Amino acid sequence: MPPESADILIVGGGPTGAALALALRCSGYSVVLLEARDSLTDDPRPLALSYGSRLILERLGVWASVVASTPILSIHVSQRGGFGRSVLSAKEAGLPALGYVVSHSELQSALQHVLTNCFNGATVLRIEAGEESARAEFSYRGNTQQIGAKLLVLADGGRGLEGIEGVTQQEKDYHQCAVVTQVKAHAPHCNIAYERFTPQGPLALLPFGEKLALVWTTAPQVAEMLCGLSEALFLQRLHQHFGDRLGAFTETGKRASFPLKLKYAITPTMQRIVILGNAAQTLHPVAGQGFNLGLRDAWELSEIILRSAAQQLGTSEMLQVYRVRRRLDRYGGIFFTDTLLSLFTSDSAPLRTVRGFALAALDALPAAKRFLMSRMIFGARG
Ligand SMILES: Cc1cc2nc3c(=O)[nH]c(=O)nc-3n(C[C@H](O)[C@H](O)[C@H](O)COP(=O)(O)OP(=O)(O)OC[C@H]3O[C@@H](n4cnc5c(N)ncnc54)[C@H](O)[C@@H]3O)c2cc1C
């Protein structure tokens with residue numbers, strides 16, 4: 001049974017909450033994690049992790065358990081119906097890989113495997129905060145219970161924020177959905193990730209084992225249609241949309257569609273509460289920044305907790321340090337993905353030309369490329 005009090009309470013055991021719990025496991029604090037779902041190992045989406053995220057997962061001691069990981073050695077960025085392209089490579093970045101494509105489920109079980117005090121099937125119903133502590137009411141095995149903590153960390157993916165007093169959120173509906181699946185192509189992927197911008201939305205193909213993980217963003221009604229197509233027709237549509245760089249597509253797996261929104265809390269802290277991961281900022285999946293940013297949230301929060309005196313835990317001074325430390329990276333990630341979308345989804349001919357020149361210029365300027373890569377890999381603070 002979950003206890004009635006803890007030093008740190010984490011609400012949500014997705015990859016962000018679980019990573020934080022893991023980072024704090026030797027802190028000397030009592031850490032309790034409440035997760036609504038019974039099992040978290042059923043997410044079919046592969047995740048693109050940056051090289052920086054690999055370093056964090058290594059420090060957490062879980063990287064070695066993530067067996068199905070495919071290195072991304074270069075990223076090919078292009079636009080449909082326009083000239084110009086740019087190639088970002090691990091060699092130019094001076095790293096063994098720009099990132100890795102991993103199985104979401106495998107990562108989740110690697111993180112959860114080593115956790116203690118993690119309660120699955122515990123749904124938090126209400127949270128409230130006072131000067132000295134925060135409290136959560138939750139249901140677990142048919143009972144409603146309460147737990148108090150000096151610091152409550154909300155990592156619920158953004159599902160419960162609306163109900164919390166004092167949180168100001170910004171929201172923008174992209175009126176797009178992402179169709180995700182795994183496909184096979186005639187040509188081998190050679191560890192290249194493709195990001196192709198089209199007026200309907202970006203399309204990403206990421207190397208994953210022998211296959212490619214597809215994230216195809218498009219209008220909701222088109223996404224619904226794509227999910228309902230026969231395998232042969234879907235593969236044909238994909239070939240038409242992506243072009244001939246990998247030849248024809250030959251196989252596809254189960255398809256799923258996710259609605260896309262930008263949603264973020266203006267301030268990721270409140271009295272005795274820190275909001276992190278998708279709960280603090282839900283981004284468009286273009287450039288695969290979401291969990292990478294959430295993992296840095298978790299890592300930096302754990303560092304602040306570990307370096308502060310015990311009586312500082314959950315105080316406004318500690319939360320202020322967290323806010324300041326995360327501001328640039330959070331807003332950098334939000335601004336980067338949102339601007340990329342605005343610039344690349346307009347179908348105006350002059351803008352297409354400007355984009356073409358921008359991609360070609362980026363390709364010709366190694367210093368600019370290194371700057372961009374380091375921000376994408378290690379966050380806005382480089
Ligand atoms: C199509 C798509 C592709 C993506 N690709 C990438 C990518 O390649 N790279 C990348 O970095 N990011 C990617 N992302 C983003 C990434 O999936 C998210 O950033 C990441 O999953 C967020 O993790 P989280 O732990 O913050 O939230 P979540 O994964 O949403 O986890 C929240 C957890 O909280 C639990 N919970 C919710 N409410 C309660 C409650 N009341 N009580 C207890 N528990 C609760 C939920 O059950 C859940 O397990 C992608 C997103 C999409 C939509």
Side-chain angles (χ1 to χ4, degrees), residues 2 9-21 32-50 52-54 56 72 99-105 107-108 111-112 118-127 136-140 147 152-164 174 176-181 193 195 201-206 208 213-218 223 255-263 268 275-298 333 337 376-377 379:
L9 171 66
I10 303 172
V11 177
T16 309
L20 177 68
V32 169
L33 189 154
L34 302 179
E35 164 55 47
R37 287 185 284 164
D38 289 321
S39 164
L40 289 152
T41 52
D42 53 0
D43 197 320
R45 278 175 298 168
L47 273 180
L49 299 183
S50 67
S53 292
R54 175 200 165 141
I56 295 179
I72 301 174
Y100 302 83
V101 185
V102 305
S103 147
H104 196 294
S105 309
L107 173 67
Q108 186 76 54
L111 287 165
Q112 279 218 318
C118 164
F119 298 91
N120 281 91
T123 304
V124 172
L125 308 168
R126 208 161 55 87
I127 61 177
E137 187 179 274
F138 63 98
S139 67
Y140 183 67
I147 179 168
L152 187 151
V153 179
L154 188 66
D156 70 343
R159 289 159 184 88
L161 265 182
E162 287 81 3
I164 303 174
Y174 286 119
Q176 282 190 336
C177 283
V179 174
V180 298
T181 186
E195 187 83 58
L203 180 149
L205 277 165
L206 312 167
F208 188 50
L214 169 71
V215 184
W216 181 347
T217 46
T218 185
R255 281 157 260 164
S257 165
F258 296 83
L260 302 176
K261 264 187 193 173
L262 167 68
K263 200 162 123 186
I275 307 164
L276 84 177
N278 260 34
Q281 64 276 320
T282 302
L283 310 181
H284 192 287
V286 65
Q289 292 292 300
F291 173 58
N292 290 295
L293 192 54
L295 187 58
R296 294 197 293 273
D297 282 348
T337 51
M376 284 176 71
I377 295 169

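Please read all numbers here as calculations on a predicted model, not as lab measurements. Note that ligands are numbered from 1 as they come in the structure, with each ligand's atoms numbered from 1 the same way.
- By the 4.5 Å heavy-atom criterion applied to side chains, His104 and Phe291 are not counted as neighbours.
- Remark: ligand 1 and Ala48 share an N or O pair separated by less than 3.5 Å (distance only, no angle test).
- Considering Leu152, Val124, Val32 as possible partners of Ile147, the one that fulfils the side-chain contact (heavy atoms from CB on, under 4.5 Å) test is Val32.
- Formation of a donor-acceptor pair under 3.5 Å by the Gln281 side chain with backbone atoms of Gly277 is found in this model.
- Nearest non-hydrogen protein atom to atom 21 (O) of ligand 1 is His104 NE2, 3.8 Å.
- The distance from the CG atom of Asp156 to the CD1 atom of Ile10 is 12.5 Å, given to the nearest 0.5 Å.
- Among protein heavy atoms, atom 3 (C) of ligand 1 sits closest to Pro285 CB, 3.7 Å.
- What sits closest to atom 31 (O) of ligand 1 on the protein, heavy atoms only, is Gly14 CA, 3.5 Å.
- Put simply, the side chain of Gln108 never gets that close to the backbone of Ser39: no donor and acceptor are under 3.5 Å apart.
- Remark: among candidates Leu206, Leu276, Val215, Asn278, the nearest residue to atom 19 (O) of ligand 1 is Asn278, based on non-hydrogen atoms.
- The shortest contact between atom 27 (O) of ligand 1 and any protein heavy atom is with Gly157 CA, 3.6 Å.
- The parts of Val124 lying near ligand 1 are both backbone and side chain, judged by heavy-atom distances below 4.0 Å.
- Heavy atoms of Ala279 found under 4.0 angstrom from ligand 1: none, in either backbone or side chain.
- Scanning all protein heavy atoms for the shortest distance to atom 14 (N) of ligand 1 gives Leu47 CD2, 4.1 Å.
- One distance of note links CZ of Arg45 with OG of Ser105; it measures 9.5 Å at 0.5 Å rounding.
- Exactly one residue among Leu33, Leu111, Leu34 makes a side-chain contact (heavy atoms from CB on, under 4.5 Å) with Cys118. That residue is Leu33.
- A pairwise comparison of heavy atoms in Ala298 and Leu20 identifies O-CD1, 3.4 Å as the closest pair.
- Only the side chain of Arg159 comes within 4.0 Å of ligand 1, counting heavy atoms alone; its backbone N, CA, C and O stay farther away.
- The ligand atoms of ligand 1 that sit less than 4.0 angstrom from a heavy atom of Gly277 are 26 (O).
- For Pro15, the heavy-atom gap to ligand 1 drops under 4.0 angstrom.
- Close approach of ligand 1 to Leu34 (heavy-atom distance below 4.0 Å) involves ligand atoms 43 (C), 44 (N).
- Glu35 OE2, 2.6 Å is the protein heavy atom nearest to atom 47 (O) of ligand 1.
- Neither the backbone nor the side chain of Leu283 has a heavy atom within less than 4.0 Å of ligand 1.
- Interface atoms of ligand 1 facing Thr16, defined by a heavy-atom separation under 4.0 Å, are 23 (O), 24 (P), 25 (O), 26 (O).
- Counting heavy atoms from C-beta outward, Leu283 and Leu262 have side chains that approach closer than 4.5 Å.
- In this structure the side chain of Arg54 never reaches within 4.5 angstrom of the side chain of Leu49, judged on heavy atoms.
- Here atom 32 (C) of ligand 1 lies nearest to Asp156 when heavy atoms of Asn292, Asp156, Leu293 are compared.
- Nearest non-hydrogen protein atom to atom 51 (C) of ligand 1 is Arg45 NH1, 3.2 Å.
- Residue Ala36 touches ligand 1 through backbone and side chain together, judged by heavy-atom distances below 4.0 Å.
- Note that the OG atom of Ser50 and the CD1 atom of Ile56 stand 7.5 Å from one another [nearest 0.5 Å].
- Judged by the shortest distance from any of its heavy atoms, Ala122 lies inside the 4.0 Å radius around the atoms of ligand 1.
- Within the 4.5 Å cutoff, side-chain heavy atoms of Leu203 are placed close to those of Leu214.
- For ligand 1, one of its N or O atoms has an N or O atom of Arg37 under 3.5 Å away.
- Looking at heavy atoms from C-beta onward, Tyr174 lies out of side-chain contact with Thr217 at the 4.5 angstrom threshold.
- When only non-hydrogen protein atoms are considered, atom 12 (N) of ligand 1 lies nearest to Phe291 N, 3.1 Å.
- When side chains are defined from C-beta on, Ile127 counts as touching Leu154, because their heavy atoms get closer than 4.5 Å.
- At a heavy-atom cutoff of 4.0 Å, ligand 1 is contacted by no atom of Ala18, backbone or side chain.
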